[in-house]
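Read through the structure below, which is laid out as structure tokens, and then see the notes.
Just so it is clear, the values below take in all heavy atoms, side chains as well, and ignore hydrogens, waters and symmetry mates. As the structure lists them, so they are numbered: ligands from 1, and atoms in each ligand from 1.
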Amino acid sequence: MSTAADFKMGEYTFPRGWFMIAEANELDDAPKAVRFFGKDFALYRGESGRVVMLDAYCSHMGTHLTASSSASIVINNEQLEGDSIRCPYHGWRYNHKGEVDDIPYFDGPCPKAGNLTSYHVVEEMGAIFMWHDEEGNEPTWDLPVLEEWKDPQWVNGAYDHLGELEMHPVEVLDNMADAFHLGPTHGAPCEYFENEYLDHVYYQRQGGFHRMYQAYLTTLTWYTGPGMLMSKQKFGDANGYEFIFNTPIDDGVIKVWHNNLAKAPTTSPGEEDIANAKMAQEGALAAFAQDFEIWRNKKPALNIMATKVEGNFKKGRIWHQQFYNPHGDADNYTSRINGKHHLTSYEKPGELAAELEAG
Ligand code: FES
Ligand SMILES: [Fe+2]
């Protein structure tokens, strides 16, 4: 396992950005204990439907607010009151802002020093996302939301949980610049390849013929911040989107989710369209699993021994460093790489790429 310091990412151990922390339906039955960014959190859906994320540990005596399944108030469904939550040990109540607002056996004022941090969370696309920022700032960009998720003509998948991976996320991001694994790993060598950096967004445009499926694959893939990949794909006649979301759990350990959307021929997809979408998702997941297996078994590439045509690896890592340093310094990184960078001799995107971009 390698850490942010091993990769010389910057001042911070964990990056700034929007990150997936749970599937929305994981909060249907009970509050959840989660761990990300080297910290434990209490995550729950209040009675109004609002999702709340607080520091996990009660200020009174350090109890995890959402890790009890046996305390009396938990089994009797008395832990939540509106959007507030009571600690399972002595019942101190925290509102959605993290303020202690009731101590059941004490009439005096609640101690302000007991307030917990409440984090910025958003529910979208069937998932819960949090804004993480070591500087504690409000989001500096909006959560990227794919409009097609709400379009009835697009069949949304369920999230595939790939579990935990002991690899620093910078090596997941290396994939964006990695033109030459597409043949050996995925059987779809690219015929053109381009990266573009635009502040907190990182694009990849590529296309090539897929050996196993005997169809031309064209993709436009982008990271909005370091945790959320979306990819628009045309595969033969099929149109789809793929999501790959990664979130640091601890330094050098990440959690990874995968999802797919497939375009149906009509706005009221039938059983066959849903089955086709499922098949497309399984195919995309199988392709991603080809990367994942390599990642699970590789040793960290602290320095990539890049040939002359692999210069984008270095640019991609510079792009990534902006999120491990103060927001005010982001320009120091992006000004060095912003713009389009073709791979020599892979620079002709062709008509399919232009079509994908336009439509
Ligand atoms: S430890 Fe939470 S109320 Fe006592
Ligand atoms: Fe890959």
Verify the distance test for His90 against atom 4 (Fe) of ligand 1: any N/O/S atom under 2.8 Å, yes or no.
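True for His90.
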
Strictly under 2.8 Å, is any N, O or S atom of His60 next to atom 4 (Fe) of ligand 1?
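Here the distance criterion (N, O or S atom, under 2.8 Å) is met by His60, so yes.
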
Do Asn239 side-chain atoms and Ala262 backbone N/O form a donor-acceptor pair below 3.5 Å?
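No; judged by distance alone, with no hydrogens or angles, the pair does not exist.
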
Residues, nucleotides or ligands: over 12 heavy atoms within 6.0 Å of Gln214 CD:
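Yes, enclosed.
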
Neighbour count >12 (heavy atoms, 6.0 Å) for atom CD, Glu147
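No, the 6.0 Å shell around CD holds no more than 12 heavy atoms from other groups.
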
Using a strict cut-off of 4.0 Å, indicate which atoms of ligand 1 neighbour a heavy atom of [X].
X: Trp92; result: 3 (S)
X: Cys87; result: 1 (S), 2 (Fe), 3 (S)
X: Thr63; result: 1 (S)

Minimum-distance N/O/S atom that His186 presents toward the Fe ion (ligand 2)
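His186's closest N, O or S atom to the Fe ion (ligand 2) is named NE2.
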
Could you walk me through whether Arg16 and His200 pass side chain to side chain contact (heavy atoms under 4.5 Å, CB included), step by step?
CA-CA 10 Å; Arg16 176 173 55 252; His200 64 277; over 6 Å; no

The Fe ion (ligand 2) as vertex, arms to NE2 of His181 and OD2 of Asp291: angle to 10°?
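Rounding to the nearest 10 degrees gives 140°.
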
Any chance the side chains of Asp251 and Thr13 put a donor and an acceptor closer than 3.5 Å?
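No pair is found: no donor N or O on one side chain lies under 3.5 Å from an acceptor on the other.
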
Sole candidate of Trp131, Phe37, Phe129, Phe14 that passes ring-ring contact (aromatic ring centres under 6.0 Å, His included) when paired with Phe19
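In the set Trp131, Phe37, Phe129, Phe14, the residue that makes a ring-ring contact (aromatic ring centres under 6.0 Å, His included) with Phe19 is Phe37.
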
